[in-house]
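Each chain gets a letter, A, B and so on, in the order the sequences are listed, and its residues count up from 1.
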Amino acid sequence: MNLDVDITMKRGEFRLSAGFSVVGQRTGVFGPSGSGKSTLMLALAGLARPDSGHIVLDGRTLFDSRKRINVTPEKRRIGVVFQHAHLFPHMSVTRNLFYGYKRIPEAERKISPDTLIEVLGISHLLSRNVSGLSGGERQRVALGRTVLASPRLILMDEPLTGLDQNLKYQIIPYLLRVLDEFGVPMLFISHSVKEMRLMTENVLVFSKGRVEDILPVEDLARKNMAAGDHSYTNMITVKDPRPRNGLWEYRWGDHTLILTEPGCEGDNVFELSAKDIMLFKRHPEASSARNLLSCSVLGTFNVGNRLGVELACGGERLVCQIVPEAAEEMDIRAGGSVVAAIKATAFGRVF
Amino acid sequence: MTALSPQDIHAVILSVKVAVAATLISAPLGFAVAYVFVYLRFPGKSILEGVINLPLVLPPVVVGYLLLITLGRRGVFGPLLEHLGIQIVFTLKGAVLASVVVGFPLLVRSIRIGMETIDHDYIRAARTLGAGWFDSLFTVILPLSGRALLAGMSLMFARSLGEFGATIVLAGNIPSVTQTIPLAIYDYTNTPGGDASALALCLVSVLLSFAVLMLSEMSARSLKKGRDA
């Protein structure tokens, strides 16, 4: 995806003035509510008309105030997954799914419905009526409906916000699998750093109707760590769970991690707070922490009165947080080596 | 109780004809006007709303008289209608038109209330899925305002069955031509010894209205059932 946007819009008191250019499959639009994220979404989809400027997607002009181009929403082929699924209440799940599919020329139908239904795990819902679905099921059907219309770009407007905490992250693997499988680029709108880290590569940071920054999602997470009292959270993707003495063993890069959480097939994602990692200068021989990982220090960065230490760990990366005094005593510097101790209970399942 | 005379039966048939015609003619029109009021913004919208709603507050006789002086032979549109060979005054067309104009604000109000509750994101979703404006109108807005439309149509039908003032001015009270049930009852009440016949027609009127109510209730329920099942 290559999206070039430069628009201004005035809505009552609110003024959106967004100029940016992004390349990549998964881009995030991050900002607090009222920062203009949703207005931008409406403008991109053609549901609201900017006052001036242009929108160009992959070389195709969708809006240009000077050339008087304003492609209608149905011709833009930009799919939207709304915050509250918005499945049509008067249609069955199947009719909802195929609403967009039936409206595009046969030659442009790039997505196989059967494969998609399987990837989303919704085959058992097809004959059901929309009102009987749970929040997560609704959002999966809504995603399917959008993807089946073979969009050039999918806009996701806080698709996880309406879901309850447990369900929220269970749906992410489906989203990622669909985007991977069918190669559809996506713009993911959210105010949650955690969702951004799970879903996107680069992030547009919005504030008061303007694009404040474009940066890799990892930098956003660190900036966020520095900004408030949030601790940095490592997102750990592990594979191949095996039970071991009542605990679970996972493969993480070249290392093996021991966790208390049981695992499931495929990728398992856990969060690990940077505060929950302890560093040792030398291997402590015996420890109550079940995971002792030899790492090399890649670098350090300041976070208020604390220090973030970035570690390379068997092909993976880990960020931990210590106080500067400790770093001085241990002589932590780039290129040095340390042992990271992590308790088996420190990992929290994301999905 | 006296049985209905052939003339009474004719009045019943005419009443039903007028009500059916008025309802069918005004339903699509009412839907379009409700759409305009709910979704479009343009200068002069409140004036148009006022004009459409005027018959709701005007005495029906006034509405009938205004129609008479605009559509009558010597009215503003008289020559044009005569040229087209259309006669409205003192015909069944006049009775239908009187019902349409008087019942229209009720119909529009009812559809509008239903349409206003439709979440705009449904329409947005349809548009981004490749449905044009017209397409989304028929596949999303119309089905989702189905119950309101039905409610409006039954109101319209009931109002047409009872229409008196505008009809008597515009279409007159000609037995077997424009005499509907209310007009026939009015005639009987002015005739000595007509009470029994008036009462018989009243009973028919009650039965008809009740049937319409039941029918609309039932279809609204099946519409809801179709959605929730």
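Enclosure of atom CZ in F98(A) by more than 12 non-hydrogen atoms of other residues, nucleotides or ligands within 6.0 angstrom is indicated. Within a 6.0 Å radius of CZ in F14(A), other residues, nucleotides and ligands contribute more than 12 heavy atoms. Within a 6.0 Å sphere centred on NE2 of H124(A), other residues, nucleotides and ligands contribute more than 12 heavy atoms. Surrounding CZ of R109(B) are at most 12 heavy atoms belonging to other residues, nucleotides or ligands under 6.0 Å away. By the 6.0 Å contact criterion, CD on E118(A) is open, its count of non-hydrogen atoms from other residues, nucleotides or ligands being 12 or less. Counted within 6.0 Å of NZ on K75(A), heavy atoms from surrounding residues, nucleotides or ligands total 12 or fewer; the atom is thus considered open. Atom CZ of F20(A) has more than 12 neighbouring heavy atoms from other residues, nucleotides or ligands inside a 6.0 Å radius.
Scanning all heavy atoms of the two residues, the minimum distance from R103(A) to D135(B) falls at NE-OD2, 2.6 Å. Looking at every heavy atom in both residues, A131(B) comes nearest to E74(A) through O-CB, 3.5 Å.
The shortest distance between side-chain heavy atoms of W133(B) and T72(A) does not fall below 4.5 Å. Counting heavy atoms from C-beta outward, H84(A) and D121(B) have side chains that stay 4.5 Å or more apart. Side-chain contact between P143(B) and F88(A) is absent, with no heavy atoms from C-beta onward closer than 4.5 Å. Under the 4.5 Å side-chain criterion, counting only non-hydrogen atoms from C-beta, R77(A) is not in contact with L129(B).
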Inset, instruction - Could you walk me through whether L47(A) and T128(B) pass the side-chain contact (heavy atoms from CB on, under 4.5 Å) test, one step at a time? - result: CA-CA 8 Å; L47(A) 297 168; T128(B) 59; 3.9 Å; yes
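When I104(A), L148(A), L87(A) are compared by the number of non-hydrogen pairs under 4.5 Å with chain B, L87(A) comes out ahead.
A donor-acceptor pair under 3.5 Å is absent between the side-chain atoms of H86(A) and the main chain of D119(B), judged by distance alone.
Heavy atoms of R145(A) lying under 4.5 Å from chain B belong to its backbone as well as its side chain.
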